[in-house]
Amino acid sequence: MLLHWHRRDLRATDNVALARAADECAVLPVFVFDDDVLAHASPPRVAFMLDALAELRRWYRERGGDLRLARGDPADVLVEAAEARDADGIYWNRDYSGLAQRRDERVAGALDAAGLTHERFHDALLHEPGSVTTNDGDPYSVYSYFARKWRDREKEAPYDAPDGDALADVRGDPLPSLADLGFDEPEAEVESAGMDVARERLDAFCDGPIYEYAERRDYPADGCTSRLSAHLKWGTIGIRATYAATEDAMDRAGSDAAREAVEAFRGQLAWREFYAHVLYFDPDVVTRNYRDYENEIDWRDDEGERRAWKDGRTGYPVVDAGMRQLREEGYVHNRVRMIVASFLTKDLLADWREGYDWFRERLVDHDTANDNGGWQWAASTGTDAQPYFRIFNPWTQGERYDPDAEYVREYVPELAGATPDEIHSWHELDPDERESVAPDYPAPIVDHGERRERALATFERARGGNG
DNA sequence: GGTGACTTTGG
DNA sequence: CAAAGTCAC
């Protein structure tokens with residue numbers, strides 16, 4: 001018998017290590033509540049994870065197996081679990097972040113010492129780190145070239161779920177609650193997890209919205225995005241199954257525009273892989289600027305401004321809408337993530353790590369590689385970064401991507417009675433007008449024009465110029 | 001080594 | 001249409 005150690009692959013279908021183990025012998029799936037991991041976790045993510053685990057366990061139970069649970073240091077509890085069932089060894093899928101890799105090395109050492117076999121598989125990405133490189137063999141630091149090569153590579157087909165007769169007949173312990181794990185209830189209404197929800201989302205997306213993706217994905221009120229981010233983070237859907245669904249969608253596409261839209265969605269999958277590769281080859285970017293400036297960037301540390309950003313009380317409607325969506329749903333539309341990130345790092349000149357930490361605490365779909373990549377992109381410190389002199393104008397962005405102010409009015413009730421025009425020109429209204437339009441909504445806390453100049457000068461100094 | 005391209009944006 | 005640095009080829 002083999003153990004399969006579930007980590008960020010909370011699914012039974014299209015799971016490489018699980019499928020390989022089930023090909024060989026009986027499999028006992030196990031999940032470890034790792035104290036080190038929980039120390040870095042937050043309520044919305046753990047809530048989603050527990051929901052996914054409950055459904056995974058149900059899947060196993062319906063087929064005569066079960067998901068074993070353990071808590072503690074995986075190097076200890078996995079050895080115990082294997083020995084208790086007289087298993088030969090453990091299979092699992094790789095996790096490419098630095099922390100996980102160090103832990104996995106430790107676990108592998110403990111298994112070796114106990115005389116247990118172990119094997120690690122590539123599963124989380126269509127193309128593993130190191131397999132998409134420049135012609136010189138170096139990892140890419142520019143997305144567009146990476147994406148071109150990534151697109152041309154052949155993709156693996158999805159893996160089958162194990163048969164019921166491959167599952168070891170066991171009964172596990174009950175699932176712990178959030179409170180058992182030491183977490184408060186999340187403030188956000190966390191979306192439901194699990195393989196079935198993920199599959200339904202993927203199918204619904206590929207049935208229609210995917211064909212609008214190229215044109216409409218940047219409009220946060222439109223809802224034509226896949227909403228698969230949390231599922232891809234926790235592995236409640238497999239990446240091969242996801243890609244295969246885009247192939248079916250491509251076959252059904254009736255026009256060049258529709259095919260381009262499917263291709264645009266695949267581009268987002270390529271971004272995910274690009275950032276995973278970047279993090280794999282440069283794990284320090286979690287805390288360090290990817291791109292070095294000659295001098296330190298003079299980040300400002302204004303507690304009040306940062307608070308206003310977190311609370312969605314900056315007086316910039318689209319920024320506040322995004323920050324409130326984060327608070328309420330543990331999710332933010334991607335275009336809005338760029339807008340709020342630009343506002344924090346450029347208008348407020350707050351260190352991108354402040355924003356990254358807040359997202360990590362609040363996002364259900366938080367993923368180290370993606371979030372770090374996104375924040376450093378916005379802060380002009382990352383790979384393929386937005387050049388520092390290109391600073392989002394939150395007024396223009398709001399007008400362009402939320403023209404009818406639908407998104408703003410959904411998340412900022414103080415502005416529910418304002419017209420789109422009043423919302424997009426909120427900074428140009430005089431105090432009396434603001435008072436009569438939306439008395440409870442704040443005036444902009446900073447002047448974008450001034451802050452833009454300040455950011456340009458700050459980055460110019462960091463670059464070593466005379467500005 | 002010159003050149004095209006850049007989750008293009010702001011004015 | 002200017003900004004304007006850097007990567008990959």
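Below, read A as the first sequence line, B as the second, and so on, with proteins coming before strands; counting in each chain starts at 1.
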*Nearest-nucleotide pick for T134(A), side chain only, options being dT7(B), dG11(B), dA8(C)*: dA8(C)
_Listed nucleotide nearest any side-chain atom of M338(A), set dT9(B), dC9(C), dT7(B)_ = dT7(B)
Expressed in angstrom and rounded to an integer, what is the separation of [X] atom [atom1] from [N] atom [atom2]?
X	N	atom1	atom2	result
L269(A)	dT7(B)	CG	P	17 Å
D384(A)	dT7(B)	CG	C1'	8 Å
Y140(A)	dC6(B)	OH	C1'	15 Å
D347(A)	dT9(B)	CG	C1'	14 Å

At under 4.0 Å, does any side-chain N or O of [X] touch on OP1 or OP2 of [N]?
X	N	answer
R452(A)	dG11(B)	yes
R335(A)	dT9(B)	yes
S141(A)	dA8(C)	yes
K346(A)	dT9(B)	no

_Contact list for residues 420-429 of chain A, test side-chain hydrogen bond (donor to acceptor under 3.5 Å, both in side chains), sequence neighbours left out_ = T419(A)-E422(A)
_For residues 10-19 of chain A, which residue pairs pass the side-chain hydrogen bond (donor to acceptor under 3.5 Å, both in side chains) check, not counting sequence neighbours?_
D9(A)-N15(A), R11(A)-D123(A), D14(A)-R240(A), N15(A)-N93(A)
*Under a 3.5 Å cutoff on both atom distances, Watson-Crick or G-U, what's the dot-bracket for DNA chain C ([ ] crossing, | other strand)?*
|||.|||||
*Could you walk me through whether F265(A) and F205(A) pass the ring-ring contact (aromatic ring centres under 6.0 Å, His included) test, one step at a time?*
CA-CA 11 Å; F265(A) 176 68; F205(A) 175 63; 4.7 Å; yes
Tabulated below should be each protein N or O lying under 3.5 Å from an N or O of nucleotides 1-4 of chain B; please produce it.
{"from": "dG4(B)", "atom 1": "N2", "to": "Y145(A)", "atom 2": "OH", "distance (Å)": "2.6"}

*Out of K149(A), K155(A), E273(A), which residue meets the side-chain hydrogen bond (donor to acceptor under 3.5 Å, both in side chains) rule with H127(A)?*
K155(A)
*Please determine which of R463(A), R390(A), R291(A), K346(A) meets the side-chain hydrogen bond (donor to acceptor under 3.5 Å, both in side chains) test together with S380(A).*
K346(A)
*Report the residues that fulfil ring-ring contact (aromatic ring centres under 6.0 Å, His included) with Y293(A), sequence neighbours left out, ordered by chain and then residue number.*
F459(A)
*Under 4.0 Å between any heavy atoms, over every strand shown, what does Y275(A) touch: base, sugar-phosphate, or nothing? Just pick one.*
base
Pairwise N/O distances under 3.5 Å, protein to nucleotides 1-6 of chain C:
{"from": "dG5(C)", "atom 1": "OP1", "to": "R463(A)", "atom 2": "NH1", "distance (Å)": "3.0"}

*Of the options Y356(A), F359(A), Y275(A), which is the one that meets W375(A) in a ring pair (Phe, Tyr, Trp, His ring centres under 6.0 Å)?*
F359(A)
*Any luck finding a side-chain donor-acceptor pair between E328(A) and Y331(A) under 3.5 Å?*
no
